[in-house]
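These notes concern the structure reproduced below.
Hydrogens, waters and symmetry mates play no part in the numbers below; they use all other heavy atoms, side chains included. None of the values given here were measured: they were computed from a predicted structure.
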Amino acid sequence: MRIAIIGTGYVGLVAGTCFADSGNDVTCVDIDERKIRMLQAGEVPIYEPGLEELIKKNVREKRLFFTRDLAEAVAPAQVVFIAVGTPEGESGDADLQYVLAAAEQVGKAMKQYTVVVDKSTVPVGTADKVRDAIRKVTSIEFDVVSNPEFLKEGAALDDFLKPDRVVIGVDSERGRKVMGELYAPFVRTENPIIYMDTRSAELTKYAANAMLATRISFMNDISALCEKVGADVDFVRKGLGSDKRIGYPFLFPGVGYGGSCFPKDVKALVATARDYGLELDLLRAVERTNERQKKLLVNKAVKHYGTLEGKKFGVWGLAFKPKTDDMREAPSIEVIEGLIGKGAQVVAHDPVSAHTAKRVFGDRIRYATVPYEALEGVDGLFVVTEWNEFRHPDFERMKGLMKSPVVFDGRNVYDPVRMRELGFTYYGIGRR
């Protein structure tokens, strides 16, 4: 099948590469000339385990192509995916200007019946707007499909190649048949393709992310209560998760959620509901809890030291989660800005996202190339992202490097009892 992908961001690049790897001819389009040159040379502008190797393989085998010429990519395509950005608007809603501009260009470039797929995360009713935008510029037959992605950064290839479900919003049998054929190689283990109308598919994406964000904020609220009453949130989490109606995923307390999806999608869902005269009070509380949680570690530090003026701190972890270099809405930003704002110096280490962090902090902090370098002479360590590299460090070496062996563990990576036995002053999230 011939496929065009409009947008080479995280979603477009992963989808295009995986479709090519299943035997399709895929052309990815982007207006960014530098990015296209990088991709044509086999360089990947984002960090995702395994992605660079898969791109090089499919470029080498001439199934995956990159271009700035949208018309050239769309004209022979049977399926066109729109995977451009939907940034947050002023009122929290998703800004659709890039989606609708891409739809109009696709309509002008089509030469045959085409299935146009909204792959970007978009609010309810976007498929109708995309359909209208295309109809204005072409008389060629087409269908508009909503196909939200459910990729986890750091595990995106597995999530795409072996999905637990594929959601397809489609209003015609012809479009349904094309999408079923396209996704058939990915659901051979009988994981379902769930067909529905486009509006339900659009809402499913937002509802899924809002539910996961709610679980995180719920556990963060429980962790705050644990600290007040002298309970241990890790025991509470295990007791909750063992209930099959609840389960363990996304029940880990910490310094809040970040990334490109949860913060933006919760706001967009609240904004959509408001447009229809409905206030989603639960999700507004989820947002408030998350903002509070991002400030928690700095507040603990102020309580411990009294003042942070002139103090020096190490920070382990900058990306919003492990196995990615994505720092969008990352809790580390709130932590580091809080420390700097109170007069502290910061030395930070992250296995892959130092280049991303430099665009955020510039030269206001120092960047360590290895974890232990970030501990030299510091008054304390903040663990903000739970990379595997941080789970089993040499604690004696840590103590020897640190001016004061104080650890603020924002992901409950370490055992509080063992840390205190080793001579550390330890602060976790909801731990006794």
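Using a 4.0 Å cut-off between charged side-chain N and carboxylate O, D128 and R199 make a salt bridge. Ion pair R274/E279 flagged as a salt bridge, since at least one NZ, NE, NH1 or NH2 atom sits closer than 4.0 Å to an Asp/Glu carboxylate oxygen. Under 4.0 Å is where a charged nitrogen must lie from a carboxylate oxygen, and between R431 and D232 at least one such pair does. Look at E373 and R366 and you find a salt bridge, because one of the NZ, NE, NH1 or NH2 atoms lies within 4.0 Å of a carboxylate O, short of that distance. The pair E334-K295 meets the salt-bridge criterion, with a side-chain N (NZ, NE, NH1 or NH2) lying under 4.0 Å from an Asp/Glu carboxylate O. Salt-bridge check for R364 with E337: passed, with a basic side-chain N closer than 4.0 Å to an acidic carboxylate O. The pair E52-K56 counts as a salt bridge, with a side-chain nitrogen and a carboxylate oxygen less than 4.0 angstrom apart.
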Criterion salt bridge (charged side-chain N to carboxylate O under 4.0 Å, His left out) on E53 and K57, from CA distance to verdict: CA-CA 6 Å; E53 294 79 5; K57 171 192 171 187; over 6 Å; no
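Counting heavy atoms from C-beta outward, L339 and V335 have side chains that approach closer than 4.5 Å.
Cation-pi geometry between R397 and Y372 is satisfied (NZ or CZ under 6.0 Å from the ring centre, within 45° of the ring normal).
When each of N58, L182, V79 is checked for a side-chain contact (heavy atoms from CB on, under 4.5 Å) with F19, only L182 meets the rule. Paired with K205 under the rule side-chain contact (heavy atoms from CB on, under 4.5 Å), one option of P123, S146, P148, S120 passes, and it is P148. When the options N299, D221, N220 are evaluated for a side-chain hydrogen bond (donor to acceptor under 3.5 Å, both in side chains) with R292, the one that passes is D221.
Atom CD1 of I31 sits in a sparse spot, with 12 or fewer heavy atoms from other residues, nucleotides or ligands closer than 6.0 Å. At most 12 non-hydrogen atoms from other residues, nucleotides or ligands lie less than 6.0 angstrom from CZ of F235. More than 12 heavy atoms of other residues, nucleotides or ligands sit less than 6.0 Å from atom NZ of K267. The local environment of CZ in F150 is crowded, with over 12 non-hydrogen atoms from other residues, nucleotides or ligands closer than 6.0 Å. Within 6.0 Å of atom CG in D243, more than 12 heavy atoms from other residues, nucleotides or ligands are found, so the atom counts as buried in its surroundings.
Scanning all heavy atoms of the two residues, the minimum distance from M327 to S332 falls at CE-OG, 3.7 Å.
Partners of Y414 by ring-ring contact (aromatic ring centres under 6.0 Å, His included), not counting sequence neighbours, listed by chain and number: F395.
Ring-plane geometry between H349 and F390 is classed as perpendicular, the angle between the planes exceeding 60 degrees on a 0 to 90 degree scale with a lower cut at 30. In this pair, Y183 and F160 present their aromatic rings tilted. The plane angle is within the 30 to 60° band.
If you look at F313 and Y305, their ring centroids are closer than 6.0 Å.
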